[in-house]
Chemist: 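I have a structure here, written as structure tokens, and I will follow up with some questions on it.
These numbers come from the heavy atoms of this one structure, side chains and all, not from hydrogens, waters or symmetry mates. Labels below follow one simple rule: chain letters A, B, ... track the order of the sequence lines, proteins then strands, and each chain is numbered from 1.
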Number of protein chains: 2
Amino acid sequence: MGLTLRQMRYFAALAKERHFGRAAEAAHISQPALSAQILDLEQTLGVRLVERKRNGILLTRDGEEVLQQVSSILEQVERLEGLRRSSSGMLDGLVRIGIIPTVAPYLVPKLVPCLRELSASLGLELKEAVTDRLIIDLQDGKLDAVIAALPVQGDGLETVSLFTDRFFMAIANNAEAVLMSPLTETQVDVDRLLLLEEGHCLREQALSVCGTAGKRSLVNFGATSMTTLLQMVSHDMGMTLIPEMAIPTETARNDIRIVPFADPAPSREIGLIWRRSSGRRDEMKALAEAISGCAPANR
Amino acid sequence: MGLTLRQMRYFAALAKERHFGRAAEAAHISQPALSAQILDLEQTLGVRLVERKRNGILLTRDGEEVLQQVSSILEQVERLEGLRRSSSGMLDGLVRIGIIPTVAPYLVPKLVPCLRELSASLGLELKEAVTDRLIIDLQDGKLDAVIAALPVQGDGLETVSLFTDRFFMAIANNAEAVLMSPLTETQVDVDRLLLLEEGHCLREQALSVCGTAGKRSLVNFGATSMTTLLQMVSHDMGMTLIPEMAIPTETARNDIRIVPFADPAPSREIGLIWRRSSGRRDEMKALAEAISGCAPANR
DNA sequence: TTAGTCCCATAGGAAATTCCGATCGAAAGT
DNA sequence: ACTTTCGATCGGAATTTCCTATGGGACTAA
């Protein structure tokens, strides 16, 4: 076939010992075995590498040249060989996590210090995008895990729940409309419901919660983020569904009123998703544990 | 044992095709064979390299890293493999030749253009030293061939004659001593015989020619070169043996008289010497041919 | 659900490579 | 000539690699 590491290793030994017998001993093989491999190497290279002399050998000029290259190769191989990951504890190296936009701003600030505490040798790389995009990237191997609202569909994915995030309604403090608390879906003025743009799962969830499955001709500004949405709310342009985890951040100003829903309060389930084939099930479970251990405490 | 090129080649194929079946095909082996080698590689490295998915595979981050190294190694190996000397015509590459001091100055000027004409792709590296030194270097592989006066002794050497170089006597034009021409050895005033320093074969040859095998208490200035020697001659400090090939160069000035010996004229045999084990017998024969073809024409 | 498909892993035996011990042959030294 | 040294060669054993056939998981399509 052509050129094996075995041949190179033996050749290197021979070049070092300058003697077939001793080189064979150093390589822990018999002299004929080494002899044959060297012969083979010479043949495949089409070059005489060593000069057989009475007292040992001498490298030909070609041999010297080849030795250079072989040494370099062996060195590199050795470096590669020394790579054996001790497959130490879980959560090592770089982990790339994708997070949906209606979770990221509220979770990330808690998540980062929390995970860094879990493992100092953990590199985080975060990406924010809508669920579909994240799932594609996950399946393409561009991400290691995704944090999104369940359920999520896609081939070869595995999922674990992180926490439940209840929904509330947000309305301007000085709103004309008055909402009873607790709220029932019938009270929602669908025409005044503000939504995120297409693609955000929260948009669909809001529509679902407010029982507007049918009538789809509603005012639809298509905001880009929760923050934008709530800015619109505070200007009394309407009302919007807000996840519990977003409340502390988004309602720091006091011009928004949060109205709870009547039991059973609607909610979304935030989960961690990864490729089943990644074989990192245990790591992911540990990661999920860490996340849910710090996330709900964001009050 | 650990890490073979085979594994790396298969891994590279797999990384390229991202599919075991296709990679196996590309590598001209069966899918299980490839599978096994990849498994082996993963085991020896102690790292999961690929993620097996329903539709093909995905490299893990470790896999990407390993691929980098593997590619580099394979590239280097390929470069090495492409080294196969076409073992083209003889006399290629660099040839290191050692020449004794009483030949070099007169032969080299002819030799260099002559050999360059023989083969354009021939690199010459010349070294001048006394025979013993040259032979040691030859045996150590520091030289490829030696041009010296025969016979030469040393293990594992092979020899071919280049040409015969007759001896003459050189004496000052206005010398007090008068020499009959042709000369017989009895006419030589041994006390006035000038010699090169120890180590030069010409010194011994001169002593031998002049029949001074026994009496060794002669004026012995120990000159470093023929040129020095002849300068001494021209100042009538004595006479010296001069090889025919040195005459044109050394007697350009007209203050030296060259006196031939009576038949049979004494001479030295200049030959080419190389290691039998070099396996370059044919090249050496060709080289010798080239040298003797240009050398005697130095008149 | 059930059958079908895709894809990689495993199993078992065949083929190729590599290895060893014994021996040969060339080159020097005694 | 006799011995020593050292690499090459030989024949068969041990190991590695390979192939075909099959298994088994994960989706898909009835």
Chemist: State which residues pass side chain to side chain donor-acceptor pair (under 3.5 Å) with Ser30(A); sequence neighbours excluded, sorted by chain then number.
Modeler: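 With sequence neighbours excluded, Ser30(A) shows a side chain to side chain donor-acceptor pair (under 3.5 Å) to no residue whatsoever.
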Chemist: Do the non-hydrogen side-chain atoms of Leu5(B) and Ile73(B) ever get within less than 4.5 Å of each other?
Modeler: yes
Chemist: Say whether, by atom type as modelled, one donor and one acceptor occur between the side chain of Ser71(B) and the main chain of Leu67(B) under 3.5 angstrom.
Modeler: yes
Chemist: Do Thr102(B) and Arg268(B) come within less than 4.5 Å of each other through their side chains, counting heavy atoms only?
Modeler: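 Side chain of Thr102(B) against side chain of Arg268(B), heavy atoms only: contact under 4.5 Å found.
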Chemist: Which residue pairs satisfy the salt bridge (Lys or Arg N to Asp or Glu O under 4.0 Å) criterion with at least one member in residues 93-102 of chain B, sequence neighbours excluded?
Modeler: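 The answer is Arg96(B)-Asp144(B).
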Chemist: Start at the 5' end of DNA chain D and walk down; is the nucleotide closest to Leu157(A) or to Glu42(A) reached first?
Modeler: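 Looking at DNA chain D, the more 5' nearest nucleotide goes with Glu42(A).
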Chemist: Could you identify which residues of residues 14-26 of chain B place a heavy atom less than 4.0 Å from some atom of DNA chain C, listed by residue number, or say none?
Modeler: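 DNA chain C contact set from residues 14-26 of chain B: His19(B), Phe20(B), Gly21(B).
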Chemist: Could you check how far CD of Gln153(A) sits from P of dC27(D), rounded to whole Å?
Modeler: 13 Å
Chemist: Arg276(A) side chain N/O closer than 4.0 Å to the phosphate oxygens (OP1, OP2) of dC27(D)?
Modeler: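 Affirmative; the distance criterion is met.
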Chemist: May I have the distance from Arg9(A) (atom CZ) to dT17(C) (atom P), rounded to whole angstrom?
Modeler: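 So the CZ-P distance, Arg9(A) to dT17(C), works out to 19 Å.
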Chemist: For Glu269(A), check side chain to side chain contact (heavy atoms under 4.5 Å, CB included) against everything at least two apart and list the hits.
Modeler: Leu150(A), Ser161(A), Thr164(A)
Chemist: Using the side chain to side chain contact (heavy atoms under 4.5 Å, CB included) criterion, which residues pair with Val130(A)? Sequence neighbours excluded.
Modeler: Arg133(A), His200(A)
Chemist: For nucleotides 28-30 of chain D, list the nitrogen or oxygen atoms of the protein found under 3.5 Å from its nitrogen or oxygen atoms, one pair per line.
Modeler:
unit_1  : atom_1 : unit_2    : atom_2 : d
dT28(D) : OP1    : Asp155(A) : OD1    : 3.2
dT28(D) : OP1    : Asp155(A) : OD2    : 3.1

Chemist: For DNA chain C, what residues of residues 137-150 of chain A have any heavy atom nearer than 4.0 Å?
Modeler: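 DNA chain C contact set from residues 137-150 of chain A: none.
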Chemist: Considering only residues two or more places apart or on different chains, which pairs with a residue in residues 123-132 of chain B satisfy salt bridge (Lys or Arg N to Asp or Glu O under 4.0 Å)?
Modeler: Lys127(B)-Asp137(B)
Chemist: Taking side chain to side chain contact (heavy atoms under 4.5 Å, CB included) as the test, write out the residues that go with Leu39(B), two or more places apart.
Modeler: Glu42(B), Arg52(B)
Chemist: Tell me which donor-acceptor pairs under 3.5 Å the side chains of residues 10-25 of chain A have, and how far apart each pair is, sequence neighbours excluded?
Modeler:
unit_1   : atom_1 : unit_2   : atom_2 : d
His19(A) : ND1    : Gly21(A) : N      : 3.1
His19(A) : ND1    : Arg22(A) : N      : 3.1
Arg22(A) : NH2    : Glu17(A) : O      : 3.3

Chemist: Provide, to the nearest angstrom, the distance between the CG atom belonging to Leu34(B) and the P atom belonging to dA9(C).
Modeler: 9 Å
Chemist: At a cut-off of 3.5 Å, list every protein nitrogen or oxygen paired with a nitrogen or oxygen from nucleotides 15-17 of chain D, distance to 0.1 Å.
Modeler:
unit_1  : atom_1 : unit_2  : atom_2 : d
dT17(D) : O3'    : Arg6(B) : NE     : 3.2

Chemist: Rounded to whole angstrom units, what separation is found between the CG atom of Leu39(A) and the P atom of dA8(D)?
Modeler: 6 Å
Chemist: From the list dA22(C), dC19(D), dC8(C), which nucleotide is the closest neighbour of the side chain of Arg52(B)?
Modeler: dC8(C)
Chemist: Rounded to whole Å, how long is the line connecting atom NE2 of His28(A) with atom C1' of dT18(C)?
Modeler: 17 Å
Chemist: Do the side chains of Leu111(B) and Ile99(B) get nearer than 4.5 Å, heavy atoms only?
Modeler: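 With C-beta onward as the side chain, the pair touches.
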Chemist: Quick one: Leu58(A) CG to dC6(D) P, roughly how many Å, whole number?
Modeler: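 Distance check: Leu58(A) CG to dC6(D) P gives 15 Å.
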Chemist: Quiz question: by atom type and distance under 3.5 Å, do the side chains of Arg9(B) and Thr4(B) form a donor-acceptor pair?
Modeler: no
Chemist: Does the side chain of Asp165(A) reach to within under 4.5 Å of the side chain of Val103(A), using non-hydrogen atoms?
Modeler: no
Chemist: Between Ile57(A) and Pro32(B), which is nearer to the 5' end of DNA chain D once each is assigned its nearest nucleotide?
Modeler: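 First, find each residue's nearest nucleotide; the 5'-ward one identifies Ile57(A).
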Chemist: Identify, with sequence neighbours excluded, every residue that meets side chain to side chain donor-acceptor pair (under 3.5 Å) alongside Ser72(B).
Modeler: Gln76(A)
Chemist: Could you tell me the separation between the CD atom of Gln31(A) and the C1' atom of dG7(D), rounded to a whole number of Å?
Modeler: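 So the CD-C1' distance, Gln31(A) to dG7(D), works out to 5 Å.
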Chemist: Round to a whole Å and report the spacing from CD1 of Ile38(A) to P of dT9(D).
Modeler: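 Rounding to the nearest Å, CD1 of Ile38(A) and P of dT9(D) are 14 Å apart.
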